[in-house]
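This report concerns only the one structure given below.
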Amino acid sequence: MQPDKERVKAFYDQNYYSDIEGSGHPTKHHIRLAERLGINADERLLDVACGTGEWLKAVCVNGTKVSGIDLSERAVDFCRRDNPHGDFHCQSCEQLPFENDFFDWVSCLGSLEHFPDKSASMTEMVRVLRPGGSLVMSVPNSDFIGYKLGLYAGTNQAGVIETPMPISFWQALGEGAGMKLTRKWRDLHFVNLDWIRQNGMVKAVPRGLAALTIAALPLSLQYQVYFHFVKS
C-alpha cells in the first residue's frame, strides 16, 4: 500500500527539514561529483528531490543553469532564498512542470527509493531530458551486506517510505524507460572525516571503521550505487 502523499509531505516539512538553517553548503563529495561529471556552463540541470540544494550549489558555481523540485515546501522555500538564480518547484516527480527534451542533465541523488511510484517518476525524468542527455542517480542496494546481516535497517525516512532494491532493479528501471547505462560506481560519500565525526568523537571510531569496511566491499555488496544513463 502506497503512503498518502500529504502524510509524506508533512513528514518532510515538519520533521526531516524542521531545522535547515545553515544548510545549503556543498560537501566535498558534491564538488568531486560535479567535477567527475564535467557539467558545462551552458547546460541545464534538473535535480529531482533537491532538498536544501547543496548539490545544486556545487553545480551552478561554473554557470550551469539549475532547477530543482521537491515535495517539501519548506525545503523549496529555502532553496529559493539561498540560490535565487535557480528555478525551484514544490511538487512530486510524477508530473514534472517542464517541457519535453528540456534538460541536458537530470539528477536524483539518494531519493528515488523514497518515491511511491518509481516507474512513473523515472518516465517523467526521461521525458524532460533531451536525446543524448544524461541522468545520474544514486540509490541504495538491497544486497548491501549490512541489510543482509541485520546491522542496518535504513535511514530515518524508512518509517514513511524507503524501498531499497537490488542493482539489477535500478538498472532495469532506467533501461525500461529508454535509457542506456554507461557506467555505475560505488557511492563513498561517507569516507571522509566530516561524515565520520558528525555525531561526535565518541561515535567517530565505529563510524570510521564502518566507512573503511564498506569502502572495501565490491560493488555488488555496496550500500549505495551511482548510475549514469544516457537518453537514446
Inset, instruction - With sequence neighbours left out, write down each residue that passes salt bridge (Lys or Arg N to Asp or Glu O under 4.0 Å) with R36, or none if nothing qualifies. - result: none

Legend entry - Side-chain ion pair, R74 and D77, N-O less than 4.0 Å: no

Inset, instruction - For T163 and K118, test the side chains for any donor-to-acceptor distance below 3.5 angstrom and give the result as yes or no. - result: yes

Legend entry - Least distance between heavy atoms, A58 atom then A34 atom: O-CB, 4.2 Å

Legend entry - Interatomic spacing from CD in E94 to OG in S121 - rounded to 0.5 Å: 4.5 Å

Legend entry - Note, E175 side chain near L181 side chain (heavy atom, < 4.5 Å): yes

Legend entry - Flag for H189-T27: side-chain donor and acceptor within less than 3.5 Å: no

Inset, instruction - Taking the side chain as every heavy atom from C-beta outward, state whether V106 and V48 have any pair of such atoms under 4.5 Å apart. - result: yes

Inset, instruction - Measure the spacing between OG of S138 and CD of Q224 and express it to the nearest 0.5 Å. - result: 4.5 Å

Legend entry - Donor-acceptor pair, side chain of T182 and main chain of H228, under 3.5 angstrom: yes

Legend entry - Minimum heavy-atom distance S92-L96, with the two atoms named: O-CD2, 4.4 Å

Legend entry - pair V8-L71: side-chain heavy atoms closer than 4.5 Å: yes

Inset, instruction - Would you check, one step at a time, whether the test side chain to side chain contact (heavy atoms under 4.5 Å, CB included) holds for D187 with H29? - result: CA-CA 10 Å; D187 178 0; H29 176 73; 3.6 Å; yes

Inset, instruction - Look only at the side chain of T64 and the backbone of V66, and say whether a donor-acceptor pair between them is shorter than 3.5 Å. - result: no

Legend entry - Nearest atoms (heavy-atom pairs only) where I20 meets S23: O-OG, 2.8 Å

Inset, instruction - Taking the side chain as every heavy atom from C-beta outward, state whether R130 and F102 have any pair of such atoms under 4.5 Å apart. - result: no

Legend entry - Single-linkage hydrophobic cluster Y223~W170, side-chain heavy atoms < 4.5 angstrom: no

Inset, instruction - Kindly give the heavy-atom pair with the smallest separation between C90 and K9, and that separation in Å. - result: SG-NZ, 4.2 Å

Legend entry - Inter-residue atom distance K231.NZ - M125.CE, 0.5 Å rounding: 12.5 Å

All N/O donor-acceptor pairs, side-chain side in residues 139-150, below 3.5 Å, sequence neighbours left out:
residue : atom : partner : partner atom : Å
N141    : OD1  : D143    : N            : 3.0
N141    : ND2  : S220    : O            : 2.9
N141    : ND2  : Q222    : O            : 3.1

Inset, instruction - Report whether L173 and M179 are members of the same hydrophobic cluster (ILVMFWY, side-chain heavy atoms less than 4.5 Å apart, transitive linking). - result: yes

Inset, instruction - Compare all side-chain heavy atoms of P97 with those of I69 and state whether any distance is below 4.5 angstrom. - result: yes

Inset, instruction - Give a yes or no answer on whether the side chain of E162 reaches the backbone of T155 with a donor-acceptor pair at less than 3.5 Å. - result: yes

Inset, instruction - Examine W55 and I31 and state if one hydrophobic cluster contains both, with Ile, Leu, Val, Met, Phe, Trp and Tyr joined whenever side-chain heavy atoms are less than 4.5 Å apart. - result: no

Inset, instruction - Starting at CG of L56, measure out to NE2 of H30 and round the result to the nearest 0.5 Å. - result: 9.0 Å

Inset, instruction - State plainly whether one hydrophobic cluster holds both L219 and F229, where clusters connect Ile, Leu, Val, Met, Phe, Trp and Tyr through side-chain heavy atoms under 4.5 angstrom apart. - result: yes

Inset, instruction - Any chance you could lay out the side-chain hydrogen bond (donor to acceptor under 3.5 Å, both in side chains) test for Q91 and Q95, step after step, and finish with the verdict? - result: CA-CA 8 Å; Q91 63 184 81; Q95 191 172 6; over 6 Å; no

Inset, instruction - With the side chain counted from C-beta on, respond yes when F78 and Y17 share a heavy-atom pair under 4.5 Å apart, and no when they do not. - result: no

Inset, instruction - Please check if F115 and V76 belong to a single hydrophobic cluster, counting links between Ile, Leu, Val, Met, Phe, Trp and Tyr side chain heavy atoms closer than 4.5 Å. - result: no

Inset, instruction - Would you mind reporting whether Y226 and R186 have side-chain heavy atoms less than 4.5 Å apart? - result: no

Legend entry - Separation between NZ of K184 and CZ of F227, rounded to the nearest 0.5 Å: 6.5 Å

Inset, instruction - May I ask you to check whether Y12 and E73 show a side-chain donor-acceptor distance below 3.5 Å? - result: no

Using atom types as modelled, flag every donor-acceptor pair under 3.5 Å from a side chain in residues 38-46 to any protein atom, sequence neighbours excluded.
residue : atom : partner : partner atom : Å
E43     : OE1  : N40     : N            : 2.8
E43     : OE1  : W105    : NE1          : 2.9

Legend entry - For G51 against C79, the heavy-atom pair lying closest together: O-SG, 3.1 Å

Legend entry - Carboxylate-amine/guanidinium proximity below 4.0 Å for K65 and D87: no

Inset, instruction - Begin from the C-alpha positions of R32 and E35 and carry the test salt bridge (Lys or Arg N to Asp or Glu O under 4.0 Å) through to its verdict. - result: CA-CA 5 Å; R32 287 196 298 267; E35 292 172 347; over 6 Å; no

Inset, instruction - Identify whether the distance between the nearest side-chain nitrogen and carboxylate oxygen of K57 and E54 falls below 4.0 Å. - result: no

Inset, instruction - Could you check if a side-chain atom of C60 sits within less than 4.5 angstrom of a side-chain atom of H85, using non-hydrogen atoms only? - result: no

Legend entry - Distance-only polar pair, side chains of S72 and D70, donor-acceptor under 3.5 Å: no

Legend entry - Check: L109 main-chain N/O paired with S111 side-chain donor or acceptor under 3.5 Å: yes

Inset, instruction - Quick one: pull up CG in N83 and OG in S67 and give me the separation to the nearest 0.5 Å. - result: 10.0 Å

Inset, instruction - Please work out whether the ring planes of F98 and F103 are parallel, tilted or perpendicular, with thresholds of 30° and 60°. - result: perpendicular

